Q: 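Before anything else, here's the structure in question.
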Amino acid sequence: MSRPSAASLDPDDLGFDHHPETDQSFENALANARDGRRLSVDDAVELLTTGTDTEGIDPERKERVLELADRRRAEEVGEEVTFVANLNNNVTTACNTGCLFCNFKDTAHRFEADQADDHGGFTKTPAESREAVRAAVERGVYEVTSVSGLHPGFALNDEHHEILRATDDAAKTVNYKPPERYTTDPGTYVEQMDAMSVDGVHLHSMTPEEAYHARRGTDWSYESVYETLADAGLDSAPGTAAEILVDEVRDVICPGKIDTQGWMDAMEGAVAAGLDVTATIMYGHVENEMHRALHLEKVRELQDRTGGVTEFVPLSFIHERTPLYEHGVVEGGASDDEDELLIAVSRLFLDNVENVQTSWVKYGDEKALKTLSCGANDFMGTILSEEITKRAGGRFGEFRSFDDYVEMVASVGRTPVERSTDYRTKREIDPTGEGPFGPRLGPKADGTPLLTREERSERAAGRGATADD
Ligand SMILES: C[S@@+](CC[C@H](N)C(=O)[O-])C[C@H]1O[C@@H](n2cnc3c(N)ncnc32)[C@H](O)[C@@H]1O
Ligand SMILES: Nc1c(NC[C@H](O)[C@H](O)[C@H](O)CO)[nH]c(=O)[nH]c1=O
Ligand SMILES: N[C@@H](Cc1ccc(O)cc1)C(=O)O
Ligand code: SF4
């Protein structure tokens, strides 16, 4: 695959074949949504653009789309706003994939034992991962989300290491270097899953890109890889790495990643292995509204085929410290109008996905609360630790307490509800009840807040006490 370098990309001429042009009209598309007809890609483009017959976003039309989506949300899932008590535990930032929207990763060779420079990244051993999760579960957390860089020393298990070690020119052909070359050995994926799967916690891990890494250089199926991971403790898989599921966009922003079909195959393999999955979109960079609509179509197809997608998560691109922005390929991320419309059209288009998640990490509290009346019904999790958005320049912090959630959700007149990762277990919280509030659905969750008042103020002051220290 030829890889364009960010510096050589002309933002006005990315050579896309897909453009937001349709034979549909805005009013027709809106009527289709109102009458509950399954929307076409052209309908979605009309709604996302508030009509291709007008320039820019028409504020009055936008409100009509948002209102319809809000009504659909109320019909489908009611007034509850759900959230989960979870911890993000990223295992390593070492990655050579080079996605141009990402500043989470650090070039992997800098992690090698003979490299002197301080790369500012990290790799956790399985024992360190286990300790981070154990400490969080002790506090009441019951989900751990773990997404990581594609460390060249990672393999699925010992058998996979043997295959990769025997591969010719493995660094180049299969992005593999033996783990002993690195200062810290991340262990195998199986060892990491086993380590993080402690005390009945739900383990949400292994994105399609990570699953690809866990079978590189072999003919193993995604299903068998996910089965092996499930046997080691994996419970569900995050559908990140989706970015925009249109190859002409992937060729620009993540040419080193698996393609659209590869992402679909991995997700289907995860569901075939008995796992729930989530699906995401990472939008607001070089893509246009036609790409966004085509992406939604892929997610709807996946759900038609599998029924395994528990939630859809729009991730608004954080641009500040990314190659795409630094090289002038983009001038910023999505506007507020675009964020609201993306949430609304996701709700209307994805008639087979029950939950649409809004992210306080990407939007901040104020905008995230607004999106709860544009079609969103889930408010993600407490996460306790955040690296991806922070490293890209995001400023909205790493933690929300149950008190924060209860106050925010009540302030918009909705019902705060604690949920399990799979949404099958829920507990409504009475905002007029006596606080402070804490989780109750976890193995060690007895209603005590996740962090003490002192720990929270230390965090607020930026002195950084984290759940795992
Ligand atoms: C950082 S990766 C980690 C997991 C794994 N390396 C992968 O790519 O699947 C997880 C996701 O974070 C999201 N992400 C990365 N950088 C971002 C940014 N600057 N703004 C918004 N989302 C971002 C992308 O959607 C990406 O797929
Ligand atoms: N939207 C973001 C998430 N979402 C994931 C949730 O927190 C949770 O793990 C999932 O809903 C399964 O229960 N996580 C982030 O780190 N950052 C986000 O922006
Ligand atoms: N890790 C992703 C968020 C995410 C994680 C798990 C999910 O199921 C969905 C979204 C990010 O911060 O960009
Ligand atoms: S998005 Fe994932 S694969 Fe791409 S560079 Fe970042 S960590 Fe690596």
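Whatever order the structure lists them in is the order used to number ligands and atoms, beginning at 1. Everything numeric here is computed off the predicted structure, so don't read it as measured data.
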Q: Determine, for R292 against E338, whether the closest basic-nitrogen to carboxylate-oxygen distance falls under 4.0 angstrom.
A: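 Counted as a salt bridge, because a side-chain N and a carboxylate O are separated by less than 4.0 Å.
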
Q: Going by an N to O cut-off under 4.0 Å, is there a salt bridge joining D404 and R456?
A: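 Yes, D404 and R456 are salt-bridged.
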
Q: State the atoms of ligand 3, each with its element, that fall below the 4.0 Å cut-off from a heavy-atom position in P238.
A: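 Contacts of ligand 3 toward P238, numbered from 1: 6 (C), 7 (C), 8 (O).
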
Q: For H213, which residues count as a ring-ring contact (aromatic ring centres under 6.0 Å, His included) partner, sequence neighbours excluded?
A: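 H213: no ring-ring contact (aromatic ring centres under 6.0 Å, His included) contacts found.
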
Q: For the 3.5 Å polar cut-off, considering only N or O atoms, please tell me whether E143 and ligand 2 meet it.
A: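 Yes, since at least one N or O of E143 sits under 3.5 Å from an N or O of ligand 2.
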
Q: Take every heavy atom of R419, measure it against each atom of ligand 2, and state whether any distance is under 4.0 Å.
A: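 Yes.
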
Q: Out of all atoms in ligand 2, which are within 4.0 Å of some heavy atom of T421? Include the element for each.
A: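 The atoms of ligand 2 under 4.0 Å from a heavy atom of T421 are 12 (C), 13 (O).
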
Q: Decide side-chain hydrogen bond (donor to acceptor under 3.5 Å, both in side chains) for Y182 and Q115; before the verdict, give the C-alpha distance in whole Å, the side-chain angles of both, and the deciding distance to 0.1 Å.
A: CA-CA 9 Å; Y182 294 89; Q115 297 290 314; over 6 Å; no

Q: Do you know which two heavy atoms are closest between A376 and R414, and how far apart they sit?
A: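 A376 and R414 have their closest heavy atoms at O-NH2, 3.4 Å.
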
Q: Can you list the ligand 3 atoms lying under 4.0 Å from a non-hydrogen atom of L315?
A: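 Checking each atom against L315, I get 13 (O).
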
Q: Write out the residue and atom name of the closest protein heavy atom to atom 5 (C) of ligand 2, then the distance separating them to 0.1 Å.
A: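 Here the closest protein heavy atom is Q357 OE1, 3.5 Å.
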
Q: Can you tell me if M380 has a non-hydrogen atom under 4.0 Å from ligand 3?
A: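 Per 4.0 Å heavy-atom rule, M380 does not contact ligand 3.
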
Q: Tell me whether R130 is salt-bridged to D194, with the criterion being a basic N under 4.0 Å from an acidic carboxylate O.
A: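 A salt bridge is present here (some side-chain N lies under 4.0 Å from a carboxylate O).
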
Q: Under 4.0 Å from ligand 3, counting heavy atoms only, is it the side chain of M282, its backbone, both or neither?
A: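 Within the 4.0 Å criterion, M282 makes no contact with ligand 3.
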
Q: For ligand 2, which atoms, with element, lie under 4.0 Å from some heavy atom of T145?
A: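 With T145 as reference, the close atoms of ligand 2 come out as 9 (O).
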
Q: Between E340 and K370, does any NZ, NE, NH1 or NH2 come within less than 4.0 Å of an OD or OE carboxylate oxygen?
A: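 A salt bridge is present here (some side-chain N lies under 4.0 Å from a carboxylate O).
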
Q: With atoms numbered from 1 as shown, which atoms in ligand 2 lie under 4.0 angstrom from a non-hydrogen atom of L315?
A: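 Near L315, the atoms of ligand 2 are 1 (N), 19 (O).
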
Q: Using a 4.0 Å heavy-atom cut-off, which part of M282 comes near ligand 2: side chain, backbone, both, or neither?
A: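 No part of M282 comes within reach of ligand 2.
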
Q: Which of the numbered atoms in ligand 2 are below 4.0 angstrom from a heavy atom of N86?
A: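 Reading through ligand 2 atom by atom, the close ones are 6 (C), 7 (O), 8 (C), 9 (O).
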
Q: Identify the protein heavy atom lying closest to atom 1 (N) of ligand 3, giving its residue, its atom name and the separation to 0.1 Å.
A: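 Protein heavy atom at minimum distance: I388 CD1, 3.5 Å.
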
Q: Short list, please: which atoms of ligand 2 are under 4.0 Å from a heavy atom of S359?
A: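 Once the distances to S359 are compared, the set is 1 (N), 18 (C), 19 (O).
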
Q: Which residue and atom name correspond to the protein heavy atom nearest atom 10 (C) of ligand 2, and how close is it?
A: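 That would be E311 OE2, 3.1 Å.
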
Q: Does the pair D106/R391 count as a salt bridge with the N-to-O cut at 4.0 Å?
A: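 The answer is yes: the pair qualifies as a salt bridge.
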
Q: Decide side-chain hydrogen bond (donor to acceptor under 3.5 Å, both in side chains) for H161 and Y176; before the verdict, give the C-alpha distance in whole Å, the side-chain angles of both, and the deciding distance to 0.1 Å.
A: CA-CA 9 Å; H161 270 302; Y176 178 77; 2.7 Å; yes

Q: So if I count the atoms of ligand 2 from 1 in the order they appear, which ones are less than 4.0 Å from some heavy atom of V313?
A: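 The atoms of ligand 2 under 4.0 Å from a heavy atom of V313 are 1 (N).
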
Q: If hydrogens are left out, which of K362, E386, K390, H204 has an atom nearest to atom 7 (C) of ligand 3, that is, the closest non-hydrogen atom?
A: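 Nearest option to atom 7 (C) of ligand 3, by heavy atoms: H204.
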
Q: As a test of understanding, state which of D378, N355, N377 forms a side chain to side chain donor-acceptor pair (under 3.5 Å) with T82.
A: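 Checked D378, N355, N377 against T82; only one passes side chain to side chain donor-acceptor pair (under 3.5 Å): D378.
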
Q: Out of D276, T240, I383, N86, whose heavy atom sits nearest atom 2 (C) of ligand 3?
A: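 Among D276, T240, I383, N86, the closest heavy atom to atom 2 (C) of ligand 3 comes from T240.
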
Q: Please state which protein non-hydrogen atom is closest to atom 14 (N) of ligand 2 and give its distance, to 0.1 Å?
A: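 The closest one turns out to be M380 CE, 4.0 Å.
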
Q: Can you tell me which residue and heavy atom of the protein come closest to atom 16 (O) of ligand 2, and the distance to 0.1 Å?
A: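 Of every protein heavy atom, N88 ND2, 2.8 Å lies nearest to atom 16 (O) of ligand 2.
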
Q: Look only at interatomic distance and state if Y423 has a nitrogen or oxygen under 3.5 Å from any nitrogen or oxygen of ligand 2.
A: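 Min N/O separation from ligand 2 is not below 3.5 Å for Y423.
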
Q: Please give me the minimum heavy-atom distance between P416 and V409, naming the atom from each residue.
A: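 Minimum heavy-atom contact is N-CG1, 3.5 Å.
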
Q: Looking at E209 and K257, does any basic side-chain N land under 4.0 Å from a carboxylate oxygen?
A: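 Not counted as a salt bridge, because no side-chain N and carboxylate O are separated by less than 4.0 Å.
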
Q: Would you mind reporting whether E455 and R459 have side-chain heavy atoms less than 4.5 Å apart?
A: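 Answer no - side chains too far apart.
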
Q: When you check the gap from the basic side-chain N to the acidic O, do R73 and E80 get nearer than 4.0 Å?
A: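 No salt bridge links R73 with E80.
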
Q: Tell me, please, whether F83 has R400 positioned over its six-membered ring: NZ or CZ under 6.0 Å from the ring centre and within 45 degrees of its axis?
A: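 No cation-pi geometry.
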
Q: What I want to find out is whether E387 reaches K390 closely enough, with some N-O distance under 4.0 Å, to be called a salt bridge.
A: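 The answer is yes: the pair qualifies as a salt bridge.
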
Q: Give a yes/no verdict on whether any heavy atom in Q357 is under 4.0 Å from an atom of ligand 3.
A: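 Per 4.0 Å heavy-atom rule, Q357 does not contact ligand 3.
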
Q: Sort by chain and number the protein N/O/S atoms that are closer than 2.8 Å to atom 4 (Fe) of ligand 4, and list them.
A: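 Listed by chain and number, the nearby protein N, O or S atoms are C99 SG.
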
Q: Look at K367 together with D336 and state whether they make a salt bridge at an N to O cut-off of under 4.0 Å.
A: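 Answer for the salt bridge query: yes.
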
